[in-house]
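For reference, the structure discussed in these notes is given below.
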2 protein chains.
Amino acid sequence: MRIGTLAERTGTSRRLLRYYEEQGLIGSQRSANGYRDYAESCVDKVIQIRGLLDAGLPTRVIREVLPCMDTPRAIRISAPTEETVALLEGERDRMTERIRFLERNRDAISEYLVAVREAQAEGAPQTPNSAEAAVSA
Amino acid sequence: MRIGTLAERTGTSRRLLRYYEEQGLIGSQRSANGYRDYAESCVDKVIQIRGLLDAGLPTRVIREVLPCMDTPRAIRISAPTEETVALLEGERDRMTERIRFLERNRDAISEYLVAVREAQAEGAPQTPNSAEAAVSA
DNA sequence: TCAAACCTTCTCATTGATGTGCAGGTCAAG
DNA sequence: CTTGACCTGCACATCAATGAGAAGGTTTGA
């Protein structure tokens, strides 16, 4: 498929897809006229890239990790070197750390939201902002 | 405490602490000589800022969120506007999404690592890279 | 008291990562 | 021939963070 189709199907701009290619995150064939020609699997790949970037992983890491998660999974074991395995183990651990971090902070926000609701429900049903004056010092 | 102490206790650079103040994330008193004087609570605050930034929240959002998470929690509810609450709910959901995504991808890496180990153990004990030739197409 | 070592201040400039905009040109279909 | 999708390449935008330099405060020990 061409870049416009991929852009539409993944919800990213054409420009960004070229950027990801430049960064080595995705690849493409070229048609005779020079147009990029993407495989079907690129759709999932791009979505995955978006997710990983949004999760805070830098492109450098995604570039390493992504080839190991090709679909269909079973086909490609692709003989990693020991260094690659070590790197992946490291990344896996870092991701676990990151997950914990996110959970802690999300929970803090959640707790706050609960506290706000409670304060609004019991404390000041008439003026929702009345807590401020009492506390703002 | 002065900036060097805070930097040491939070593991951030002095430079970055000044930057956070410039961004409105933390505050400080000034001593007679102009030196910044930080409250004890700043230690936790800075660590939390680090966590939230790492979680992908922009400073603009953290600036909104942070006053809501002051310790001790109970004292300050600080009357968020409805917009802030909505924003926080959005961020909370986005973080949950991110967590799910990270978990999925981390698990994919884990699975891959397991598959690699199995392949190495059973398939080709003599040449660890022999899988590559069979698959690399 | 003096000086060296260290800490702090401010400001301007820069880096690195993730994108976006746009100009100038090519290609293909109506 | 016009329109729209595509190409390359350069510049720009934003955000978080850092570097460097000049000037002044603080501490400590000779």
Side-chain angles (χ1 to χ4, degrees), chain A residues 1-39 42-43 45-66 91 94-95 98 101-102 105, chain B residues 1-39 42-43 45-66 87 91 94-95 98 101-102:
Chain A
M1 96 196 66
R2 291 189 308 189
I3 198 170
T5 310
L6 183 59
E8 197 172 348
R9 288 179 60 183
T10 59
T12 67
S13 68
R14 298 144 213 258
R15 188 69 188 76
L16 194 50
L17 293 173
R18 292 191 198 103
Y19 172 73
Y20 287 160
E21 182 169 330
E22 188 185 313
Q23 297 299 309
L25 301 184
I26 54 176
S28 64
Q29 302 296 105
R30 292 298 179 116
S31 310
N33 54 17
Y35 285 13
R36 287 172 179 81
D37 183 27
Y38 294 99
C42 267
V43 176
K45 212 164 199 168
V46 168
I47 291 170
Q48 191 158 33
I49 290 169
R50 298 295 314 155
L52 290 171
L53 279 170
D54 189 60
L57 275 69
T59 56
R60 168 182 47 83
V61 170
I62 298 176
R63 193 161 35 234
E64 296 282 349
V65 163
L66 209 57
E91 285 308 328
R94 282 173 52 85
M95 285 168 85
R98 195 172 186 82
F101 235 76
L102 278 167
N105 283 287
Chain B
M1 94 196 69
R2 292 191 307 193
I3 198 171
T5 310
L6 183 58
E8 197 172 349
R9 288 178 59 184
T10 59
T12 68
S13 66
R14 297 143 213 259
R15 187 70 184 75
L16 193 50
L17 293 173
R18 293 192 197 100
Y19 172 73
Y20 286 159
E21 182 170 331
E22 187 186 314
Q23 297 299 308
L25 301 184
I26 55 177
S28 62
Q29 302 295 105
R30 292 297 179 117
S31 311
N33 55 16
Y35 286 13
R36 287 172 177 83
D37 183 26
Y38 294 100
C42 267
V43 177
K45 213 166 199 167
V46 169
I47 290 170
Q48 191 156 35
I49 290 169
R50 300 293 317 155
L52 292 170
L53 278 171
D54 193 57
L57 274 69
T59 56
R60 167 183 48 82
V61 171
I62 297 176
R63 197 161 32 235
E64 297 278 348
V65 164
L66 210 55
L87 187 133
E91 285 302 330
R94 278 172 52 85
M95 286 168 82
R98 268 183 264 200
F101 210 93
L102 275 172

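First the proteins, then the strands, lettered A, B, ... as listed; each starts at 1. All values below come from the heavy atoms of this structure, side chains included, with hydrogens, waters and symmetry mates left out.
At whole-Å resolution of the value, CG in Leu16(A) and C1' in dT20(C) are 9 Å apart. The OH atom of Tyr19(B) sits 13 Å away from the C1' atom of dG16(C) (whole-angstrom rounding). Atom CD of Glu22(A) and atom P of dT20(C) are 13 Å apart (whole Å). Distance Tyr35(A) OH to dA29(C) C1': 10 Å, rounded to the nearest Å. Between the CD1 atom of Ile3(B) and the C1' atom of dG25(D) there is a distance of 15 Å, rounded to whole Å. Atoms CG (Leu17(A)) and P (dT8(D)) sit 13 Å apart, rounded to a whole Å. Computed from coordinates, the Ile62(A) CD1 to dA17(C) C1' distance equals 12 Å when rounded to whole Å. When the P atom of dG21(D) is taken as reference, atom CZ of Arg14(B) falls 18 Å away, rounded to whole Å.
Taking 4.0 angstrom as the limit, Arg18(B) places none of its side-chain polar atoms (N or O) nearer than this to OP1 or OP2 of dG19(D). The shortest distance between the side-chain N/O atoms of Ser13(B) and the OP1/OP2 oxygens of dA17(D) is not below 4.0 Å. In this structure, Asn33(A) reaches the dA28(C) phosphate: one of its side-chain N or O atoms is under 4.0 Å from OP1 or OP2. The shortest distance between the side-chain N/O atoms of Arg50(A) and the OP1/OP2 oxygens of dT18(C) is not below 4.0 Å. One finds a side-chain N or O of Tyr20(A) lying less than 4.0 angstrom from the OP1 or OP2 phosphate oxygen of dG19(C). Proximity of Thr59(A) to the phosphate of dT18(C): a side-chain N or O atom is located under 4.0 Å from OP1 or OP2.
A donor-acceptor pair under 3.5 Å is absent between the side-chain atoms of Arg2(B) and the main chain of Tyr35(B), judged by distance alone.
When the options Arg15(B), Arg63(B), Arg30(B) are evaluated for a salt bridge (Lys or Arg N to Asp or Glu O under 4.0 Å) with Glu21(B), the one that passes is Arg30(B). A side-chain contact (heavy atoms from CB on, under 4.5 Å) with Leu6(B) holds for exactly one of Met1(B), Lys45(B), Arg14(B), Arg36(B); it is Met1(B).
Between the side chains of Tyr20(B) and Arg50(B), a donor-acceptor pair is found at a separation under 3.5 Å.
In this structure the side chain of Val61(B) reaches within 4.5 angstrom of the side chain of Glu91(B), judged on heavy atoms.
A residue-by-residue look at Gly4(B) and Leu57(A) shows that Gly4(B) has its nearest nucleotide of DNA chain C further toward the 5' end. Along DNA chain D, the nucleotide nearest Arg2(B) and the nucleotide nearest Gln23(B) are compared for position; the residue whose nucleotide lies closer to the 5' end is Gln23(B).
When heavy atoms are screened at a 4.0 angstrom cut-off, Arg60(B) is found touching no nucleic acid atom at all.
Scanning atom types as modelled, no donor and acceptor separated by under 3.5 angstrom connect the side chain of Arg15(A) and the base of dG19(C).
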